[in-house]
Each structure stands twice: as C-alpha cells, then as structure tokens.
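First up is the structure itself, then whatever we jot down about it.
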Amino acid sequence: MPTLHLFEGIKVEVYSRDHLPPHIHLRYGGDEALLEIQSGAILAGHLPVSVLRKCRKWMKEDGRTAWLLQNFYELNPGLKK
C-alpha cells in the first residue's frame with residue numbers, strides 16, 4: 001500500500017488488488033476512511049469533519065483527481081475499463 005502523500009498528519013494511500021469504485025484510503029490518527037476519488041464521497045470509515053474538508057479540498061487542487069485515478073489504476077490494472 002503505497003503512501004502517495006502525507007500532509008498535516010493525513011496519510012493518503014492507494015492499495016493494490018483493491019476494488020471499484022476508484023478510491024483512496026485516508027488515515028489520520030486512529031481514524032481511517034475510504035473516499036471515492038471522483039466525488040469525494042465517503043465509502044467507508046470515518047474522519048473528523050475538519051480533516052475530511054481538508055482532504056476534499058486537497059483532492060480538487062492542481063489536477064490531483066486525475067493523478068489519483070492514474071495511481072489507482074496503475075496499482076489495479078485489472079480494474080481499468
């Protein structure tokens with residue numbers, strides 16, 4: 001599970017052999033959540049609201065959505081359409 005990014009104590013990871021929809025794993029302290037890359041919706045888990053806001057904002061900056069999708073499919077090539 002490569003760590004793609006670490007900011008303000010938030011760890012952003014993508015797992016290989018994962019499942020659709022494309023998502024990232026976010027860890028902060030003892031909390032973890034799975035966020036859908038394109039919508040930012042929580043698929044599972046929990047994060048504090050302030051952390052969730054920071055993550056969603058970070059995901060939308062500077063073409064990161066495309067970058068995150070690229071990383072997800074590179075680690076999960078069998079899921080690519």
Side-chain angles (χ1 to χ4, degrees):
M1 77 185 99
T3 298
L4 298 180
H5 194 67
L6 181 61
F7 69 104
E8 297 185 37
I10 304 163
K11 194 175 199 181
V12 181
E13 302 174 329
V14 173
Y15 295 177
S16 60
R17 293 179 301 223
D18 216 338
H19 56 84
L20 293 174
H23 61 280
I24 55 176
H25 294 253
L26 299 165
R27 295 179 187 270
Y28 179 78
D31 294 319
E32 180 180 4
L34 280 66
L35 263 63
E36 184 176 12
I37 293 172
Q38 292 180 317
S39 70
I42 294 179
L43 300 174
H46 174 267
L47 287 173
V49 174
S50 62
V51 173
L52 185 57
R53 278 192 206 118
K54 286 178 189 179
C55 292
R56 286 178 172 152
K57 181 180 177 186
W58 175 83
M59 289 171 69
K60 292 180 181 180
E61 293 175 349
D62 301 325
R64 284 202 183 103
T65 299
W67 177 73
L68 290 167
L69 283 169
Q70 177 185 347
N71 278 280
F72 180 85
Y73 285 120
E74 282 178 6
L75 288 167
N76 298 282
L79 299 178
K80 193 165 187 172
K81 297 177 184 177

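Sequence positions, counted from 1, serve as the residue numbers for this chain. Every value quoted in this text rests on a predicted model; they were computed, and no experiment measured them.
Taking hydrophobic clusters as Ile, Leu, Val, Met, Phe, Trp and Tyr residues chained together by side-chain heavy-atom distances below 4.5 Å, W58 does not share a cluster with V49. Hydrophobic cluster membership is shared by L79 and L68, with clusters built from Ile, Leu, Val, Met, Phe, Trp and Tyr side chains linked at under 4.5 angstrom. Residues Y73 and L43 do not share a hydrophobic cluster, defined by chaining ILVMFWY side chains whose heavy atoms lie under 4.5 Å apart.
No donor-acceptor distance shorter than 3.5 angstrom exists from the side chain of D18 to the backbone of I24, with no hydrogens or angles considered.
The environment of CD in Q38 is sparse: at most 12 heavy-atom neighbours from other residues, nucleotides or ligands sit within 6.0 Å.
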Evaluate the side-chain contact (heavy atoms from CB on, under 4.5 Å) criterion for residues V12 and R64: first the C-alpha distance (whole Å), next the side-chain angles of each, then the deciding distance (0.1 Å), finally the verdict. CA-CA 12 Å; V12 181; R64 284 202 183 103; over 6 Å; no

Pair N76-L20, side-chain contact (heavy atoms from CB on, under 4.5 Å): steps then yes or no: CA-CA 10 Å; N76 298 282; L20 293 174; over 6 Å; no

Could you walk me through whether L75 and Y15 pass the side-chain contact (heavy atoms from CB on, under 4.5 Å) test, one step at a time? CA-CA 7 Å; L75 288 167; Y15 295 177; over 6 Å; no

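Between L52 and the choices L35, L26, I10, the side chain to side chain contact (heavy atoms under 4.5 Å, CB included) rule is met once, by L35.
Proximity of H5 to N71: side-chain heavy atoms (C-beta onward) are nowhere separated by under 4.5 Å.
For the pair M59 and T65, the tightest heavy-atom approach, listed with the atom from each and the gap, is O-OG1, 3.2 Å. Nearest approach of E8 to Y28, heavy atoms of both residues: O-CE1, 3.6 Å. Scanning both residues, D31 and H46, for their nearest heavy atoms gives CB-O, 3.3 Å. The nearest pair of heavy atoms linking V14 to P2 is O-CD, 3.0 Å.
Between H23 and F72, the two ring planes are tilted [angle within 30° to 60°].
With rounding to the nearest 0.5 angstrom, the CG atom of L47 is 9.0 Å from the CZ atom of R56. The CG atom of L34 lies 10.0 Å from the CD atom of E13; values are rounded to the nearest 0.5 Å.
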